[in-house]
Q: 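Below you will find the structure I want to go over with you.
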Amino acid sequence: MSQHHDTSHLRPAVPERPSLDGLEEKWDRAWSAQGAYAFEPGARRDEVFSIDTPPPTVSGSLHVGHVFSYTHTDIIARFERMRGKNVFYPMGWDDNGLPTERRVQNYYGVRCDPSLPYDPDFSPPRQGQAGGQGAKASKAADQVPVSRRNFVELCERLSSEDEKQFEALWRRLGLSVDWSQTYQTIDAHARATSQLAFLRNLARGEAYQQLAPTLWDVTFRTAVAQAELVDRDQPGAYHRVAFALTDPILPDAAAPAPSPAIHIETTRPELLPACVALVAHPDDERYQPLFGRHVKVPLFGAEVPVVAHRLATPDKGSGIAMVCTFGDVTDVIWWRELHLPTRAILGWDGRILPEPPMGVDSPAGKAAYQELAGLTVFSARRRVVEMLRQSGDLEGDPQPITHPVKFFEKGEKPLEIIPTRQWYLTNGGADEALRARLLARGDELTWHPDFMRVRYQNWVEGLNSDWLISRQRFFGVPFPVWYPVDQFGHPVHDRPITPPEDRLPVDPASDTPAGYRPDQRGQPGGFIADPDVMDTWATSSLTPQIATRWRDDPALFESTFPMDLRPQAQDIIRTWLFATVVRADLEQRSLPFKDAAISGFILDPDRKKMSKSQGNVVTPMGLLEQHGSDAVRYWAASARLGTDAAFEPGQMKVGRRLAIKILNASKFSLSFLAAGPETSPPDRPGAPLTLDPALVTEPLDRSMLANLNAVVEAATEALANYDHTRALEVTETFFWTFCDDYIELVKARVNGAAGAVGEASARAALGLALSVLLRLFAPFQPFATEEVWSWWHAAGQSVHRQPWPDPLGLPEPGDRAVLAVAGGVLGALRKAKSEAKVSMRTELAAATVAVPAALAPAAVAAKADITAAARAHQLTLAASDTETIDLVSATLQP
RNA sequence: GGGCCCAUAGCUCAGUUGGUUAGAGCAUCACGUUUACACCGUGGAGGUCGUCCGUUCGAGUCGGACUGGGCCCACCA
């Protein structure tokens, strides 16, 4: 550890009236100019601390929750930097995905059409729609179609505007990010990295295509992955529908005669034409005689079997269900496991297909189907109910219920299940060995707090399919894949053409694969592009590889990966965190990061999760301007990881008070450092002073430093374990004791009232304590501490580049009890004055205080300091057998 | 249906392996302008630690049940 206390200036330049105003701008500028937070390349991995910063969504807006959780990360970054680590702290911007796509559409009045050629001179029809993101999507007809490359360029243009505002906020908050290390999730490097990882997955067989029933959002007309599902309670109704047996029942005396019709109860009668079977539980005696027989679907006439399956629940509805292709995910299981035919009737737009499926063959059935063709699900349902009523196949009235229905988390209509060709990536959902390996990764990762690990486990254990990574959108990272077109004009999906890795990123919609000419696109014997883009998580799951430049900077990658820390919110463990673990496991066979720090949410005063939709949300910049950044950081720092925290301006006021106190207490302490000749080398007046622990001889001073040493140890251990609240708490508690008791106790002595030795002791102790305290507070209050540090250190000697304090080396350990007992005695004397309703300045003619016998020697050691601080003429310290410090008597000076 | 977290002063929260009289800040009340700080200081008041049972010489702390709040997961006809 270097001799930090040798760099101080003899004559501190302390302002007359210290103030927090303007410190954010002042020090942000200085840190930028100094490169205070620059990562230094060429380091060994063990010298580096690397952070996988969450890239905020630039098309959204920052809210108080961001300020909260990013502060937690910054505290750790600053701590590790002071501990000597070369901190790799990049910032990414998430400008990939649906929110950005919508924002660009509305803002510029354009829409992406990948089939169009790139127009280098394109200029958007409009820009700067007021309230861009909140505005209703403009009609597709009003939007000018542009090529994907043009669309991406507009996105980058808009994002860069957003990024400026975001960066300004982060700088004001004091995040010690290295602003030369930034990336965007849609930029060329991220696209290339994403495509490269995909090609490697493809080569290893981890990525594959499959034509399969797919959860489908009819509004966005895209496939949706398991991780993007949410259940929402929806009104619905059970419709009791009769199915007639097609074959006559053979007389059997042993079995009870089954009823002539079988009744099922369904919430989705519009799917009757898609019905492929009825299913009941194999043990259900009511239906056992029917297994293997067939029934006729009412109205549509298809003949379907009655089958048995363990997932049918006897006590639900009538105990027998109709299987449709596809009404819900259970239908998919039945369809797959019972080898049932496919009768798809829904199109990508969520409307009933124009032609009836195979099986609906009778004239009556076809006629009935024509009544539905082209209708939405909602209208078709109403029409089918009417028709069932007419035919007499509906028994009674539909019974209204409320039931959970699956939605895309960003969607407004229930998901449908539609057979489509999609790309999948293995994630353990269909492979027990991989699942076990990923569960082991969850165990290997260190979670803060530890109980968050359970969410990961729950998710991995509950996976029921591989990760669907293709999306039928136009904006995003395209799959770097073409297909040969056969002589009949059909794409050959099982022979994908891929580009060489050094050609990435590619846009297959405009780039031509090797060996083909551009004019062969779409022609028999030519090629065609894969039309899809990747799920945004397929790219953001690679943030460690993107930030550390796995693809193109092996030296940087080597010194920063696997990263040390992934900070993130608890609600995206199943998406971002899990997906990142999957990608690193598949590609690097390692964890992507060692530690995960999970932040809680911010709750508004009503204990509800603060959300943007509530309108009355405070803007983060307004908050920082109102309270000051150190104050807001203090509020954030007083909440533990993983715990939801209340939005509490009161805590910010406390933080501001602390910052001001740091300025004032420092000003006071430094005023004595300037005064004494013995603190500077005699041959070099004006040269840096020496704060020598050997000068600290008074018991009270040594006690104070011993207590400070304990604080250093506790704070260091806490921060090393990501427990920033504990570190702040012990530091702050000590600091207030330091101000209220210690400084008051030494005021007289440091002014020379007890001679030169005592004065030098107090002066050195004040200086040493100040140096340590400023460094302990630096991660929490970077602006106030830097301001104070600058008063007595050379320009450019940022406190944030100083070594984290070690316990001070004292010639002899101090007795920690002296400070506490001296404060206790002082408190008893203050109480006497307070109860007499006189000023603290009032002199005491005589006073006696009882002190527990065990503590009496410690009290006596500080007696002169106590006497002076209490302005007592005569002080008696009486050893007592009680365990508290009590005032025995006090006589005020008249 | 399975699981996780939480419940301590009016409010926001600490309370480390069980151990004297359960702490802090805010708010509140009283007093004091004191040569670092009125963006202040000093002191006071305020809690049967959600409920019940158990383990123990001893429980805010450990175990069980329950109540209430928040969240995650689930194949939800």
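FYI, side chains are in, hydrogens and waters are out, and symmetry mates aren't considered; it's all heavy atoms of this structure. In what follows, chains carry the letters A, B, and so on, assigned in the order in which the sequence lines appear, proteins first and then strands, with residues in each chain numbered from 1. In this text the structure is predicted, and so the values were computed from the model without any measurement.
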Q: Can you check whether A:Val241's main-chain N or O pairs, donor with acceptor, with A:Asp393's side chain at less than 3.5 Å?
A: no
Q: With sequence neighbours left out, write down each residue that passes ring-ring contact (aromatic ring centres under 6.0 Å, His included) with A:Phe783, or none if nothing qualifies.
A: A:Trp31
Q: Take the protein atom CG of A:Asp740 and the nucleotide atom P of B:rC40, then report the distance between them rounded to whole Å.
A: 12 Å
Q: Name all residues meeting the side chain to side chain donor-acceptor pair (under 3.5 Å) criterion together with A:Thr643; count only those two or more places apart in sequence or in a different chain, and write none if there are none.
A: none
Q: Near RNA chain B, under 4.0 Å by heavy atom, which residues of residues 714-724 of chain A?
A: none
Q: Which of the following nucleotides, B:rC73, B:rA36, B:rA30, is nearest to the side chain of A:Trp459?
A: B:rC73
Q: Can you tell me if A:Glu717 has over 12 outside heavy atoms packed within less than 6.0 Å of its CD?
A: no
Q: Using a 3.5 Å limit on both distances, find every run of at least three consecutive Watson-Crick or G-U pairs that involves RNA chain B.
A: B:1-7 with B:67-73, B:10-13 with B:23-26, B:28-32 with B:40-44, B:50-54 with B:62-66
Q: A:Arg640 side chain: which of B:rA77, B:rU34, B:rA14 is closest?
A: B:rA14
Q: Are the side chain of A:Arg871 and the backbone N or O of A:Leu844 linked by a donor-acceptor pair below 3.5 Å?
A: no
Q: Just the rounded figure in Å: distance from P of B:rC37 to CH2 of A:Trp736.
A: 14 Å
Q: Let's see if you can work this out: which of B:rG70, B:rU12, B:rC4 has an atom nearest to the side-chain heavy atoms of A:Ala646?
A: B:rU12
Q: Under 3.5 Å, sequence neighbours excluded: what are the donor-acceptor pairs made by side chains of residues 649-664 of chain A?
A:
| from | atom 1 | to | atom 2 | distance (Å) |
| --- | --- | --- | --- | --- |
| A:Gln651 | NE2 | A:Ser638 | OG | 3.1 |
| A:Arg656 | NH1 | A:His627 | O | 2.8 |
| A:Asn664 | ND2 | A:Ile660 | O | 3.4 |

Q: For residues 727-734 of chain A, which residues have at least one heavy atom under 4.0 Å from RNA chain B?
A: A:Glu729
Q: Taking A:Cys324 as the fixed residue, which of A:Thr266, A:Ile345, A:Asp331, A:Leu340 is the one that meets the side chain to side chain contact (heavy atoms under 4.5 Å, CB included) rule?
A: A:Asp331
